[in-house]
Participant: 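A single structure is presented below for examination.
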Amino acid sequence: MDWLLSVTDHIVEFVPSQQKSKDGTNMEIMVTKQRKDLLVNIPGLRKLDTLLIDTLDNFGEEQEFWYVSKNDDPENESSRREGKWWHPKVKVPPNGLSETSRKWLLSEKEAVSQVLKAAMAINASVLSEIEVPESYIDSLPKNGRSSLGDSIYKSITVEYFDPANFLSSMDLSTEHKVLDLKNRIEASIIIWKRKMHHKEGKSSWGSAVSIEKRELFEERVETILHLLKYRFPGLPQSSLDISKIQDNKDIGHAILESYSRIIESLAFSILSRIEDVLHADSLAQSSSSNSDDDATRLSSAETPTLLDFMGWGIDPLKRSSIDMENLFKVDSDKKTSKPPVSPTPRPPIPELSDN
C-alpha cells in the first residue's frame, strides 16, 4: 500500500508561507504542500483499512461457529432458492452462541458499520468533486420531468412530502429497480442544477414555479438519493458514477475514489457475513426455545397435578352437567363411613444371637 499510495505525496498545491531572509526581513513565498483532500483522506482511509484487517484477523481465531460447503450440506437443495445460496452455510451449536460470543459479534458489527459509513462518505465526497463529463450530459433528456416520469414527478411535487412514505410507495423489490430509481433522480438533479446555473429559458418545473419551490423540490430528490445510498449500501454504481470514473483525468481523485470504494466493498462483505452468523444464531435459539416449550407442555400433560386429584381439572361445561345431588351424596357417604380398620400388626422378628 505504501508503494501504491506513494504517488499521492507528489500531488501538491501551492500555499503561502513566511520566510525570513538574511537581513532579518520576513517575506511571503509560495511553497508546495500535499493537496488538501489527499492530506485529509489518505490517512483516514489507511486507518479504516487497518481496522478491517484487524477485524479479519480476529475472526481467524477459533470461534463457536463454522461453515459447511454447499456441496456437503444436505439442506442445500432447499436453501438454493434463498439469497446468497452460493455462500458456505453458517453452522452454530444447537443452542446457539454463548452470550460472550454474541456480544463480541455485535461489537464487531457496530465497528464495521462505522467503517462502512466513513468509507461511503469519503467516496461520495470524492465523486461529487469529479466533474460531470459532457458525454453524460449529452445523454440526458431535456427536462427533469421526463427523467423522473409523471408518477414520480407528481409524488415529489406534492405540498406535504415525506421521503420515507415516498420510498415505501415505490417498488424497490429488486436491485435493478433501485438502481433505475437512483439513475433517474441523479439525472434530474443534474438537469435542474444546469438550468438554474445557466438560466436557460423556461424552467423545467413550469413558468408558475418560483425559484424557492424549485430549490425545495431539488432538495427533496437529493434527500431521497441519500436515503437510497444508506438503505442499499451494496448497490452497484449508477450511470453518473460510472461516467465520472471513466472520464476522470485527476489522478488524486482516482486514487481516493478507488481506495474508498474497495474499503466500502470489503466492509459491506464483512458486515454481511457477521449478519449471517447472527441470523443462524437467532434460528438456533428459536429452535431450542420451541423444543423446550414442547417438552414442557408434554411433561405437564403427562404428569397429574393436584387439580386432577381434587377433581378441579374437569372441563367447566362438563362440570355444570354433573348432578349436584350425586356430589352431596358422595359427601354424605364420606361423613357416615367408618374409618378403615388398621391391619393386625406382625409379631416382631426375634433378634439373632451372636452364637
Participant: Quick check: are there more than 12 heavy atoms from other residues, nucleotides or ligands sitting under 6.0 Å from CE of M30?
Facilitator: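 Counting other residues, nucleotides and ligands, CE of M30 exceeds 12 neighbours.
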Participant: Using the rule that two of Ile, Leu, Val, Met, Phe, Trp, Tyr join whenever any of their side-chain heavy atoms come within less than 4.5 Å, decide whether F166 and L227 are in one cluster.
Facilitator: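 Linked, F166 and L227 end up in one cluster.
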Participant: For S128 and S125, work out which heavy atoms get closest and say how close.
Facilitator: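 Taking every non-hydrogen atom into account, OG-O, 2.6 Å.
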Participant: Under 4.0 Å between a side-chain nitrogen and a carboxylate oxygen: does that hold for D250 and R35?
Facilitator: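 Salt bridge: yes.
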Participant: Would you say the side chain of V277 lies within less than 4.5 Å of the side chain of Y67, judging by non-hydrogen atoms?
Facilitator: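 Yes; the side chains approach each other to less than 4.5 Å.
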Participant: Check R184 with D180, please: is the shortest side-chain N to carboxylate O separation under 4.0 Å?
Facilitator: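 Judged by the 4.0 Å cut-off on N to carboxylate O distance, D180 and R184 do form a salt bridge.
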Participant: Side-chain donor-acceptor pair under 3.5 Å between N26 and Q19, yes or no?
Facilitator: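 Per modelled atom types, N26 and Q19 side chains form no pair under 3.5 Å.
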Participant: Got L97 and P93 here, is their nearest side-chain heavy-atom distance under 4.5 Å?
Facilitator: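 A side-chain contact exists here, since the closest heavy-atom pair is under 4.5 Å.
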Participant: Is a donor from one side chain sitting under 3.5 angstrom from an acceptor on the other, for D9 and S6?
Facilitator: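 Their side chains do not contain a donor-acceptor pair, so the 3.5 Å distance test is not met.
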Participant: Which pair of heavy atoms, one from T25 and one from S21, lies closest together, and at what distance?
Facilitator: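 Looking at all heavy atoms of both residues, the shortest contact is OG1-OG, 2.6 Å.
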Participant: Is it possible for you to say whether I137 and W192 belong to one hydrophobic cluster, with membership spreading through side-chain heavy-atom contacts below 4.5 Å?
Facilitator: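 They do share one cluster, since a chain of ILVMFWY contacts under 4.5 Å joins I137 to W192.
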Participant: Near E129 CD, under 6.0 Å, is it more than 12 heavy atoms from other residues, nucleotides or ligands?
Facilitator: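 More than 12 within 6.0 Å, yes.
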Participant: E13 and Q34: which non-hydrogen atoms are nearest, and at how many Å?
Facilitator: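 Nearest pair, atom of E13 first, then Q34: OE2-O, 4.1 Å.
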Participant: Find out whether I53 and D57 are in side-chain contact, i.e. whether some heavy atom of one side chain is under 4.5 Å from a heavy atom of the other.
Facilitator: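 I53 vs D57: side chains touch.
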Participant: Between Y136 and I190, is any pair of side-chain heavy atoms under 4.5 Å apart?
Facilitator: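 In short, these two side chains touch, coming nearer than 4.5 Å.
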Participant: Among side-chain atoms of N143 and S146, is any donor-acceptor pair under 3.5 angstrom?
Facilitator: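 Result is yes, a qualifying pair exists.
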Participant: Do S98 and S101 get their side chains close enough for a donor-acceptor pair, meaning under 3.5 Å?
Facilitator: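 Yes, side-chain donor-acceptor contact under 3.5 Å.
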Participant: When hydrophobic residues are tied together by side-chain contacts of less than 4.5 Å, even through go-betweens, does I245 share a cluster with I262?
Facilitator: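 No, no single cluster joins them.
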Participant: Do I251 and H10 make a side-chain contact, defined as non-hydrogen atoms from C-beta onward lying under 4.5 Å apart?
Facilitator: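 No; the side chains remain at least 4.5 Å from each other.
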Participant: Would you name the heavy atoms of A267 and L52 that are closest together and state the gap between them?
Facilitator: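 Nearest heavy atoms, A267 then L52: N-CD1, 3.9 Å.
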Participant: Are E64 and R102 within salt-bridge range, i.e. N to O under 4.0 Å?
Facilitator: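 R102 and E64: not salt-bridged.
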Participant: Is there a side-chain contact between M170 and I152 (heavy atoms, below 4.5 Å)?
Facilitator: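 Contact flag for M170/I152 side chains = yes.
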Participant: Salt-bridge test for R46 and D2: reply yes if a basic N is under 4.0 Å from a carboxylate O, no otherwise.
Facilitator: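 A salt bridge links R46 with D2.
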Participant: Shortest non-hydrogen contact from I224 to F161?
Facilitator: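 Looking at all heavy atoms of both residues, the shortest contact is CD1-CZ, 3.5 Å.
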Participant: Give a yes or no on whether L271 and L56 share a hydrophobic cluster (residues Ile, Leu, Val, Met, Phe, Trp, Tyr; joining criterion: side-chain heavy atoms under 4.5 Å apart).
Facilitator: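 In one cluster: yes.
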Participant: Using a cut-off of 6.0 Å, state whether more than 12 heavy atoms not belonging to L5 lie near its atom CG.
Facilitator: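 Yes, CG of L5 has more than 12 neighbouring heavy atoms, counting only those of other groups under 6.0 Å.
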Participant: To check you understand the geometry: which heavy-atom pair defines the closest contact between L48 and A118, and what is its length?
Facilitator: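 Residues L48 and A118, closest heavy atoms: CD1-CB, 3.8 Å.
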Participant: Same hydrophobic cluster for V221 and V158, using side-chain heavy-atom links shorter than 4.5 Å among ILVMFWY?
Facilitator: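 Yes, V221 and V158 fall within the same hydrophobic cluster.
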Participant: Under 3.5 Å, is there a donor-acceptor pair between the Y259 and D49 side chains?
Facilitator: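 Distance-only check passes for Y259 and D49.
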Participant: May I ask you to check whether over 12 heavy atoms, not counting those of E222, lie within 6.0 Å of atom CD?
Facilitator: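 Yes, enclosed.
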